[in-house]
Engineer: 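Supplied in structure tokens, the structure appears directly below.
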Amino acid sequence: MNNKREINIRYISRVEGQDSVLINVRDNTVESVLLNIFEPPRFFERFLIGRRFDEVHYVTSRICGICPIAHVVAALRAVENAIGVEVDEQTKTLRKLLAMSGIIQSHVLHVFFLAAPDYLGYPDAIAMANDYPEVVKKAFKLKKLANEISATIGGRAVHPVSASIGGFLSFPTEEKLMKLKNELIEARKDAEETVKLVARFSFSELIRKQEFVALSKPNEYAIYDGNLVSSEGLKVQEKDYRQYVEEHYFSHSNAKFSNLRNRSSFMVGPLARVNLNYNLLNDEAKRVAEEAGFRVPENNVFKATLARTIEVVHFIEESIKIISEIKIKEVKPTYSWKPGSGIALTEAPRGLLYHSYKIGKSGSVEEADIVTPTAHNAYNIENDIKTIVPKTLILKNEGETKKVCEMLVRAYDPCISCSVHFLNLNVEKDS
Amino acid sequence: MSNAEGFILEKESFPNLISLLMKEADEVYGPKEVNAGVYDFRKINKPEEVRLGEVTTVTPPLKKVVRPPFEVLFKFKGEEIEVDYDSKIRAIVGVHPCDVNGLKLLDKAYSNAGKDPYYFSRRSNLIIVAENCTRADDNCFCTSFDTGPELREGYDLLMTDIGNRYLVEVGSVNGEKLVTKLNLPHAKDEDLKEKNTRINLVKGTIRKKLNTVNLKRTMEGSLYHPIWKELGEKCLSCGICSVVCPTCFCFEMDDKLNLDQKSGVRYRTWDSCMFFEYSEVALGGNFRRARSARIRQFINHKLNYWVDQFGTFGCVGCGRCIRQCPANIDIVEVARRIGGS
Amino acid sequence: MEAIKNQYIPKKIKIIEVKEETKDVKTFKFQFLSQEENRFNFKPGNFNLLSKLGAGEAAFSLTSDSEEGNYFENTIRKVGRVTSTIFNMKVGDILGFRGPFGNGWPLSKAVGMDLVLIAGGLGLAPLRPVIYHISKHRSFYGSVDILYGARTPMDMIYTNEFKLWQEIPDVKLELTVDVVPNGVSWKHNVGVVTTLFKNIRAKPDSSVVMMCGPEIMMKFASELLLRMEFPKENVYVSLERRMRCGVTKCGHCQIGPKFVCRDGPVFSLAEIWPLPDVIE
Amino acid sequence: MDNKVKVGIFKLTSCAGCQMVIVHLEDSLLEINKYVSFEYFKMATSKNEEMQPVDIALVEGAVTTSEEVEELKEIRKNSKVLVAIGSCATTGGIPAMKNDTSQVELEKYVYKNLIPLTSVKAYGLNEYVPVDAYLYGCPIEGDEFLQLMANLLAGISPRFPAPSVCKECKIRGNYCLLVQGKKACLGPITRAGCNALCPSNGYPCTGCRGPSLDSNPRSLREILLDKGYSQEEIKKLFKLFNSQVSEFVEV
Ligand SMILES: Cc1cc2nc3c(=O)[nH]c(=O)nc-3n(C[C@H](O)[C@H](O)[C@H](O)COP(=O)(O)OP(=O)(O)OC[C@H]3O[C@@H](n4cnc5c(N)ncnc54)[C@H](O)[C@@H]3O)c2cc1C
Ligand code: SF4
Ligand code: SF4
Ligand code: SF4
């Protein structure tokens, strides 16, 4: 027999190494969990150095083809903060609409392509299509709509181009927006049904005392900007981020791990957002949440998937609102700039995203620092695994342990490309 | 057919003309402002969108409508072929004289050795409402080929801006019908005079001149002129010049296959002698491998070979290739240098 | 719209025979699906376009006997997309046909004159109908010299017909190759095709030369022929250019003011020499 | 089921954007699935445990580590047709930007404490294995992907002509960013196929599809110098996606 591992194409995600989880077990207790997770900015921070400030968003988009919009928006805001450019309300609104479409798209993909096959027992959504054609069709339709919004506002769904420093370089036509609005209205029902479908999944349970972190604003469900708040009462202004969030490195991983200063790991992402900003969800989202039996604070990590579906309902409703109200003025960005440093925090589909730049006198980047949602979550995932492995070990079944761990990691959706079968679980039993 | 007498359309009534055309035709095209100060022909949805009186647009409108950049020749399914001719009626408003003359040249190219059925099914359903130029820019040189700023034929209606009104001249039965439907009053002698004054005024502003006397002979003798090497170094091979030229007619043909692997389309798309692949043959051979050979072909085709092929120069002096060339290559300047004057 | 003949629509043909010539050259015999079209005639030197719907279309010389009404042949070298696709097809498969196109060789002008046929590699394909024609109308022409060169003996096409050709009265076939690989026996000349020119029997002032092959070969051969005092007007070459439409619209095949698909592919040197653009 | 063509989609160092373009082909995915079985497709399926031979391997990403070199060779060995998809796989793309900086310096900047990495210079696939076909762009075009699949399934070699981006830009009737806007647009020297997406949205072409055939970067550099761009800025622009492309780098 072939040794499976030898011919396995190890899944190399956006890290120059291998993703794996190494768990050392001695006498049925977990000694250590080493999560070797990817490092999102493949030296991006270095090769941004020397590039002009108006290229930064275009380049950082390429950090992630799954949530490029989040990187574009964060980079634009951080650079604008650095060079002292203020954008108008229309730009902010369009960027929010763009960001929402990115989140909807990513959530739908997660729910239908990862979670649903998992919970319904299929290798993938395409295989699932044979038995659940309607579900898959609905998913495709929602995702396509989200992509169309991204492409209409941003010029392209993957790696958008028209959002720029100071504003937008091109604008959607009224016709196109109306068409999207109608499709969004039609999509309401599908989104609501998605919540119901997911609410019926039999979620595993992992309840562990942990700190949720998300952006927050007084009058809106924050994704574009805001203060950093946590379930443990943290309240931090954007510019003070680095004073509160630290990064550390483990020798077993190429990734950076984040923790709150003097505290432990924390969780970002849809579950954190819904938990912290529940009151700011629109009525439709609240209603479906209630109907699905979702109560805040929801501490079961696995329910992040349900939180995603609630957000989809929320953002569809918000998008309809924006499109109904907006009257687009085609103004091309004009601005003057000065050197300086700036930071931006935004909510990517998977949670808090941090970009920070220093722009020099010639207009080129002198320093760059990026922390992705997955980097924010990595340490917390490790801590979660530490908690859940002893419970599942009772099952005395390595396969089962592995599966639960994978589903746990997928609940974080560290990045869709990496979250399917990226676990090479090594249980080293020392007897 | 042409009628010397004219009609008057008040500027404020211009939208009526567009509305009428929208009724008469399936599609109406006209110049729109696509960017501050930049005009291009687009489909018109509302009369107000049309912007007359501006200088030449980015792309040649008639070529684009009659020979679309991407055109399906036929669909196939297995071995069966299905042809669909586009016979929509299209009205196109505000076309400049050089472009109408460009279309006349395209007509020649597409009736060479048999008429092209796709081209002529669109062509014969075209309503052309042209506009005489009352403005020109530094790169217009239509006077050199007598293709502007005043149009003499090839239109259904011809408008000239004479102040707060347009002088409308009729060039075809279709045009006459339009004028009747709009119930336009006849023009007076002074309106016609005003037109001539204005056109002469524009003529005076066109300073770019290509000397066409002996031009073909000069070009024939230029094949080994050092200028081509120099241009080959400057030219980007981007092909902008030929895309924006109203008379460039070359195309590439290929198939697009559907996922079922049986059905698909055969299409044609604009091509250009400026592109390397255009002149590639089997096993990597290429008969215009050097950029210098390609730009020599482009310019000689316009100013030399066209005369043999179709009895007239292949240029109408619209100046687009000059305006749009990122490398500042100027066909007039090239001809001037070759002619040694 | 008045009915305009649509010259872009291929007619259906089917493969009735496939013959392997060399490693990458095959000769395909075709018949039209619709019987009445099988009466079709062409002139030696004409070419046609073959379509495989989905893969595209390409130009090929008609290589069979032009007076044979029941079938026609193309000899195809596998070089790219269309040709590789056709290469994999077999008897019974359907293709699309457009043509015949082009002017053809000046056979009527050559009546009463000596003939020199010069071919390099696949360039023999468009000359094969000329040889068929000569064999049927032998008395019309004087002496016939056929000079054929290829890279190696294995690259020669129509080899099993050579004997028949040599049996035609007063036809001389001279062969040459650039290289003879080890282990291959070769009784004929070695060297480029111009090394055979000393054997030409035809008198320059009363003969017609018909030549097809790689352009670079034709360039050297033409220069030599002109030096041997063959008049420009009587030296004919068949040129290959990229071709899309076949009906003078797509522009690809232009050489100066000439369209190869209509004014060619056969040109006298007087018309086009020196070529403004040579295939390199 | 079994006469379906086996396809694997593999990922080396990349952002997964090209795979996302495939995932986003909602309208066609189910149809593709009629003819194809995806044996490897990390983004979409979890049935890929070990390397089985496939008919078509689509490989995204640049080769940036010695492990990836081995992996790529393994993929090549196990596939009949190997297609490079996206800038990273065709030319090294964005990941190859790192090649200009020494490895140690890169690592120092991003990882404050050095850990052992097996990172090598980043290249496109054809640096290490023969590649049968290419899909260009960052990201690839969905339509070209469908054309590629249809052709490969039919056993026809795919053809993607390479005129300049300007051809498509002009067809769309855009005003030229380079001529009128004085912006550094790489359209004139970049391979078409994107329908001039960036310039049509007001953003200058960055050359993500690699050079058009016989492009003339040298002349474009002169033009840009003339418009006031510095040699350094031009170098950076040319190198954004094409730091391993000799046509661009020589300039
Ligand atoms: C008048 C004429 C007669 C010909 N006679 C024969 C013949 O008898 N036998 C034969 O095998 N070949 C002949 N050819 C050449 C043949 O047309 C090309 O080899 C063929 O078109 C290549 O097509 P492809 O799709 O297989 O190659 P492609 O996949 O297109 O690529 C191969 C190369 O050929 C170039 N090419 C593409 N189309 C053409 C074209 N139409 N003409 C020339 N080059 C092209 C491509 O740019 C590329 O460089 C003839 C060509 C002409 C113009
Ligand atoms: S537009 Fe200018 S640079 Fe471009 S191909 Fe034409 S002549 Fe050359
Ligand atoms: S060659 Fe240039 S000036 Fe002449 S018609 Fe064409 S684009 Fe206009
Ligand atoms: S904007 Fe760029 S792609 Fe478009 S024509 Fe100008 S240089 Fe070419």
Side-chain angles (χ1 to χ4, degrees), chain B residues 32 34-42 57-61 64 68-70 231-245 252 254-264 269-272 274-278 280 286 288-291 294 320 323-329, chain D residues 25 28-36 143 146-156 158-181 185-190 192 195 202 211-220 222-224 226-227:
Chain B
K32 273 193 191 178
V34 290
N35 249 298
V38 183
Y39 301 86
D40 201 38
F41 278 76
R42 301 285 154 95
T57 49
V58 178
T59 40
K64 216 168 164 179
F70 180 94
L231 293 176
E233 271 156 31
K234 260 176 95 177
C235 173
L236 295 157
S237 251
C238 65
I240 288 179
C241 47
S242 58
V243 177
V244 299
C245 175
E252 167 73 358
D254 206 353
D255 292 359
K256 252 191 158 140
L257 195 58
N258 295 336
L259 280 171
D260 65 10
Q261 302 141 57
K262 284 191 210 72
S263 63
T269 168
W270 293 359
D271 203 351
S272 161
M274 285 302 194
F275 300 137
F276 185 83
E277 277 168 313
Y278 176 96
E280 239 186 357
N286 195 316
R288 283 194 280 273
R289 188 173 291 283
R291 267 192 301 277
R294 301 206 287 276
R320 285 193 176 91
R323 244 173 250 124
Q324 310 278 347
C325 175
N328 290 322
I329 293 174
Chain D
L25 291 168
S28 310
L29 273 187
L30 291 178
E31 199 192 345
I32 294 180
N33 201 48
K34 276 199 234 159
Y35 308 105
V36 154
D143 199 45
L146 294 175
Q147 270 304 295
L148 175 96
M149 289 309 286
N151 278 289
L152 290 181
L153 290 174
I156 297 170
R159 167 152 58 203
F160 297 107
S164 69
V165 169
C166 297
K167 175 192 166 188
E168 297 175 337
C169 188
K170 281 283 119 354
I171 283 178
R172 290 187 70 166
N174 298 325
Y175 86 131
C176 179
L177 294 169
L178 186 59
V179 176
Q180 281 108 327
C185 183
L186 303 195
I189 57 173
T190 300
N195 205 8
S212 55
L213 282 182
D214 195 39
S215 65
N216 192 352
R218 211 169 287 276
S219 171
L220 184 60
E222 295 305 314
I223 294 167
L224 292 177
D226 233 40
K227 296 202 191 292

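Throughout, protein chains are lettered first and strands after them, A, B, ... in sequence-line order, and every chain is numbered starting at 1. The figures here come from the full heavy-atom set of this structure, side chains too, leaving out hydrogens, waters and symmetry mates.
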Engineer: Nearest 0.5 Å please: distance from the CG atom of D:L186 over to the SG atom of B:C238.
Structural biologist: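 Answer rounded to 0.5 Å: 13.0 Å.
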
Engineer: Sequence neighbours excluded, which residues qualify as ring pair (Phe, Tyr, Trp, His ring centres under 6.0 Å) partners of B:Y278?
Structural biologist: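 B:Y278: ring pair (Phe, Tyr, Trp, His ring centres under 6.0 Å) contacts with C:H252.
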
Engineer: For the CG atom of B:N328 and the CD atom of D:E222, what is their distance to the nearest 0.5 Å?
Structural biologist: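 Answer rounded to 0.5 Å: 12.5 Å.
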
Engineer: To the nearest 0.5 Å, what is the distance between CG on B:L257 and CG on D:L146?
Structural biologist: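 The CG atom of D:L146 is 11.0 Å from CG of B:L257, to the nearest 0.5 Å.
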
Engineer: Just by distance, do the side chain of D:R159 and the backbone of B:D254 share a donor-acceptor pair under 3.5 Å?
Structural biologist: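 Looks like no, no N/O pair under 3.5 Å.
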
Engineer: Do the side chain of B:E277 and the main chain of D:A162 share a donor and acceptor less than 3.5 angstrom apart?
Structural biologist: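 Indeed, once roles are kept as given, a pair shorter than 3.5 Å links the two residues.
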
Engineer: If only atom types and distance count, is the side chain of D:K34 paired as donor or acceptor with the main-chain N or O of B:L259 below 3.5 Å?
Structural biologist: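 Checked: no pair found.
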
Engineer: Under the rule for side-chain contact (heavy atoms from CB on, under 4.5 Å), what residues qualify as partners of B:D255, not counting sequence neighbours?
Structural biologist: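 Expected list: B:F76, B:R266.
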
Engineer: Would you say D:N216's side chain and B:E233's backbone share a donor-acceptor pair under 3.5 angstrom?
Structural biologist: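 Between the backbone of B:E233 and the side chain of D:N216 there is a qualifying donor-acceptor contact (under 3.5 Å).
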
Engineer: Can a salt bridge be assigned to the pair B:K256 and D:D143 using a cut-off of 4.0 Å between side-chain N and carboxylate O?
Structural biologist: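 Yes, charged N to carboxylate O under 4.0 Å.
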
Engineer: Most heavy-atom pairs under 4.5 angstrom with chain B, which of D:G173, D:P161, D:S219, D:G202?
Structural biologist: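 Option with the top pair count is D:G173.
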
Engineer: Are side-chain heavy atoms of D:D214 and B:R294 found at a separation under 4.5 Å?
Structural biologist: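 Yes - at least one pair of side-chain heavy atoms lies under 4.5 Å apart.
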
Engineer: Kindly say whether D:I171 contributes a backbone atom to a donor-acceptor pair with the side chain of B:K64 at under 3.5 angstrom?
Structural biologist: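 Confirmed, B:K64 side chain pairs with D:I171 backbone.
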
Engineer: With a 4.5 angstrom heavy-atom cut-off, which part of D:T190 approaches chain B: side chain, backbone, both or neither?
Structural biologist: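 Neither part, no heavy atoms under 4.5 Å.
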
Engineer: Any donor and acceptor pair, going by atom type alone, linking the side chain of B:Q261 with main-chain N or O of D:N151 inside 3.5 Å?
Structural biologist: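 Side chain of B:Q261 to backbone of D:N151: no pair is present.
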
Engineer: Given heavy-atom pairs under 4.5 angstrom as the criterion, report whether the side chain, backbone, both or neither of D:Q180 touches chain B.
Structural biologist: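 D:Q180 touches chain B through side-chain heavy atoms alone.
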
Engineer: What part of D:S212 gets within 4.5 angstrom of chain B, counting heavy atoms only: side chain, backbone, both, or neither?
Structural biologist: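 Interface part for D:S212: neither.
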
Engineer: Between B:R42 and chain D, which part of the residue has a heavy atom less than 4.5 Å away: side chain, backbone, both or neither?
Structural biologist: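 The answer is the side chain of B:R42.
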
